[in-house]
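Only one structure is covered here, and it is reproduced in the block below.
Residue numbers start from 1 in every chain, and the chains themselves are labelled A, B, ... in the order their sequence lines are given, proteins ahead of strands. None of the values given here were measured: they were computed from a predicted structure.
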Amino acid sequence: MKFTVLKKDPATAARRGRLELAHGEVDTPCFMPVGTQATVKSVTPEEVEETGARIILANTYHLGLRPGIEIVKNAGGLHAFMHWDRPILTDSGGYQVFSLADLREISKEGVVFRDHIEGTLHTLTPAKSIGIQQALGADIIMAFDECPPYPSGREYACQSLDLTLQWAVQSRKSHTDGPQVLFGIVQGGLHRDLREKCVEGLEEIGFAGYGIGGLSVGEPREMMFETAEFTAALLPEAKPRYLMGTGTPEELVVQAGFGVDMFDCTVPTRYGRNGSVFTREGKLVVRNAVYKDDHRPLEEGCGCYACRHYTRAYIRHLFNTGEILAHRLATIHNLFFYQELMRGVRRAIDQGNYRKFQQDFLENFRSEASDSSEASDARATAKRRN
RNA sequence: GGGGAGAUACCGAAGUGGCCAAACGGGGCAGACUGUAAAUCUGCUGGCUAUGCCUUCGGAGGUUCGAAUCCUCCUCUCCCCA
C-alpha cells in the first residue's frame, strides 16, 4: 500500500490523498459503501462502480459465519466470489461486539457470540478475526476491537481501551506480510486522554493506517465532532485516517474538514431501502404522499441512473406497492449522491477552498424535514388536497 | 315458495348488557435508521372549542340507570332445498 497526501487545505485540516491498494487506487477523502454480506444490498457491483465508488466494505463476523471462509477461499477469494475487483476493506467484527451486545460475552481472549442465525456459539479472537480477513483477501483489514456503547463510564472506557490495545497487539502479530494492509482502531470513548493513550499505543505497535472507532454509537453529534476532530489531529499525517461508521452527508462534509480520509456508513443504502433519498437540499422521504404526483426526478440535475430515467411519483409508487425496484433505485441514487458529494469535497480541497464548500453545502442541506419550510409547505398542500 | 346464516370504522374481522370510539390484520399517514440480525422498526389512523364532549357497530322504534350486544318491525346480502 502506498498513501500519498496530494494537497492540504489552507484553512481546515482537510486533505486530498491517494491510496494505492492491491486492487487499485482510491482518491481520498472517499466514501466506502457497506457490503456486509459480500453485497451492497440490492445493487450489482457494476451499479456500485457506476456511482463512482472505488472501495467497499465487507464484514468478518457475517462472512465468517455464512458462507464461511472455506467457501470463499474455494471461490478464489472475496473479490472473485462477489465479482468486485476493486479494493475491499473488511471490518474485523468489532462493531458486532456493539451491535450484537445481547448475544455476546467479552473476555480477555476475545468475544463469544451466540450466532444470531442458529444460536450456536462462536468465538472471535484477534487471531481468528485476522485469519478470516486474510482468507477473505480484502485489501485493507482491521484490527479486532471492542466498540463500547454510549454512554460508557470512564472506568468501562478505560478497561475497554486496554482490551482493544491488547487485541491490537495480537492482531498485529497475527497479520502476515502480503499485499493486505492492517489498520489499527482508536477507541477511548469521548475521553480525550484515553484517545491520546490509544493513539500512542497503536503507533507503538505500528499500523498502515488508523480507524477512528467508537463514534456514531448514539452520542450527541457535537460530541462526535469534537472527538473526531481531536482524534484525527493526533494521528500521523502520512497515514490514512478512517472514521468508522459515519455518517450523514453533513457529517461527512464536516469531518472531512478534520482531516479524515475515509468514511463508511450504512446510511445511504439503508435509508434508500427504507424510502429516504438525499438531495443537496436535504433528506427527502420519497415514500411520502407529497410526492405521489411529483413528476420530477429525485433530484433535479442529478446524473445518476435513477434520476436520468425515473420520477419521484414513480419511485414512490414502487415503494407504495412494495416493489424491489424501489430499493434499487433509491440505493443507486443515494450511493451516487454520496460519491458526488465526495467528488465535490476532493475538488474543493484541490482548489484550496474547502471552508467555502463546507459553508455552502451546510447552508443548503437540511437534515430534518421539519426544518424545511418547503417540506412543511408541501405537506400542508398535500393535506389540503386529500 | 321453504329453511338457514349474516350486516361492526377505508377494507377484512373480533366483540353478544357497563372495563367499547370498539381487539386484531390489511390499507393509509407520519417518524426513526450512522464500522447492517434491518426490503426493518415505531407511532397515528371517527370528529371537536379536547383531563371533556359529540357522532358511530344496516334502518326505524322499544326495553334498561346503561345497548354494537336484548325485543319488534323494516331493508339488504349470502348459502341450502324446491
Could you tell me whether the phosphate oxygens of [N], OP1 or OP2, come under 4.0 Å of any side-chain nitrogen or oxygen in [X]?
X: A:Arg287; N: B:rA32; answer: no
X: A:Asn274; N: B:rA39; answer: no
X: A:Arg270; N: B:rU40; answer: no
X: A:Ser216; N: B:rU34; answer: no
X: A:Asn320; N: B:rG27; answer: no

If the [atom1] atom of [N] is compared with that of [M], how far apart are they to the nearest Å?
N: B:rA23; M: B:rU8; atom1: P; value: 15 Å
N: B:rC70; M: B:rG15; atom1: P; value: 12 Å
N: B:rU72; M: B:rA82; atom1: C1'; value: 30 Å
N: B:rG61; M: B:rA68; atom1: P; value: 15 Å
N: B:rC19; M: B:rA67; atom1: P; value: 11 Å
N: B:rC41; M: B:rG6; atom1: C1'; value: 39 Å
N: B:rC53; M: B:rA32; atom1: P; value: 36 Å
N: B:rG28; M: B:rC11; atom1: C1'; value: 11 Å

Whole Å only: how far is the [atom1] atom of [X] from the [atom2] atom of [N]?
X: A:Arg273; N: B:rA37; atom1: CZ; atom2: P; answer: 11 Å
X: A:Glu250; N: B:rU34; atom1: CD; atom2: P; answer: 15 Å
X: A:Tyr291; N: B:rA30; atom1: OH; atom2: P; answer: 10 Å
X: A:Asn334; N: B:rU36; atom1: CG; atom2: P; answer: 17 Å
X: A:Ile117; N: B:rU36; atom1: CD1; atom2: P; answer: 14 Å
X: A:Leu284; N: B:rA30; atom1: CG; atom2: P; answer: 12 Å
X: A:Leu329; N: B:rA39; atom1: CG; atom2: P; answer: 17 Å
X: A:Lys41; N: B:rG35; atom1: NZ; atom2: P; answer: 12 Å

Does [X] contact [N] through a side-chain donor or acceptor facing the base, at a distance under 3.5 Å?
X: A:Gln96; N: B:rU36; answer: no
X: A:Asn59; N: B:rG35; answer: no
X: A:Thr266; N: B:rC33; answer: no

So if I take every side-chain heavy atom of [X] and compare against [options], which nucleotide ends up nearest?
X: A:Gln37; options: B:rA32, B:rA38, B:rC29; answer: B:rA38
X: A:Val267; options: B:rU36, B:rU34, B:rA30; answer: B:rU34
X: A:Tyr95; options: B:rA37, B:rA39, B:rG35; answer: B:rG35
X: A:Thr248; options: B:rA37, B:rU34, B:rG35; answer: B:rU34
X: A:Ile185; options: B:rU34, B:rG35, B:rA38; answer: B:rG35
X: A:Asn288; options: B:rG35, B:rA39, B:rG31; answer: B:rG31
X: A:His327; options: B:rA39, B:rG35, B:rC29; answer: B:rA39
X: A:Ala289; options: B:rA30, B:rU34, B:rG35; answer: B:rA30
X: A:Lys283; options: B:rA32, B:rG35, B:rU34; answer: B:rA32

Suppose we define a pair by two distances each less than 3.5 Å, Watson-Crick or G-U wobble; what does [N] pair with here?
N: B:rG1; result: B:rC81
N: B:rA38; result: none
N: B:rU63; result: none
N: B:rG43; result: B:rC29
N: B:rA7; result: B:rU75
N: B:rU49; result: none

Report which part of the nucleic acid [X] touches: base, sugar-phosphate, or nothing (heavy-atom distance under 4.0 Å, all strands).
X: A:Leu89; answer: nothing
X: A:Gly214; answer: base
X: A:Leu57; answer: sugar-phosphate
X: A:Gly247; answer: base
X: A:Ser276; answer: base
X: A:Gln187; answer: base

ask   = Do A:Phe113 and A:Leu124 have side chains that get closer than 4.5 Å, going by heavy atoms?
value =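 Contact flag for A:Phe113/A:Leu124 side chains = yes.
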task = Please examine the side chains of A:Arg195 and A:Phe230, heavy atoms only from C-beta on, and report whether any two atoms are closer than 4.5 Å.
result =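 Yes. Closest side-chain heavy atoms under 4.5 Å.
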For [X] and [Y], I'd like to know if the aromatic rings sit close, meaning centre-to-centre distance below 6.0 Å.
X: A:Tyr338; Y: A:Phe31; value: yes
X: A:Phe319; Y: A:His327; value: yes
X: A:His62; Y: A:His116; value: yes
X: A:Tyr242; Y: A:Tyr210; value: no

query = Nearest nucleotide by nearest heavy atom, which residue falls closer to the 5' end of RNA chain B, A:Pro148 or A:Glu323?
reply =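 Per heavy-atom nearest nucleotide, the more 5' residue is A:Pro148.
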Along RNA chain B (nearest heavy atom to each residue), the more 5'-positioned of A:Thr246 and A:Thr321 =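 Result of the comparison: A:Thr321.
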query = So, A:Tyr271 and B:rC33: ring centres less than 5.5 Å apart, planes less than 30° off, yes or no?
reply =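 Per 5.5 Å and 30° rule: yes, stacked.
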Between [X] (side chain) and [Y] (backbone), is there a donor-acceptor pair under 3.5 Å?
X: A:Ser276; Y: A:Gly272; value: no
X: A:Ser129; Y: A:Ser92; value: yes
X: A:Gln180; Y: A:Gln133; value: yes

request  = Would you give the length of the straight line joining atom CD of A:Glu50 to atom OG1 of A:Thr44, rounded to the nearest 0.5 angstrom?
outcome  =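 So the CD of A:Glu50 and the OG1 of A:Thr44 are separated by 8.5 Å.
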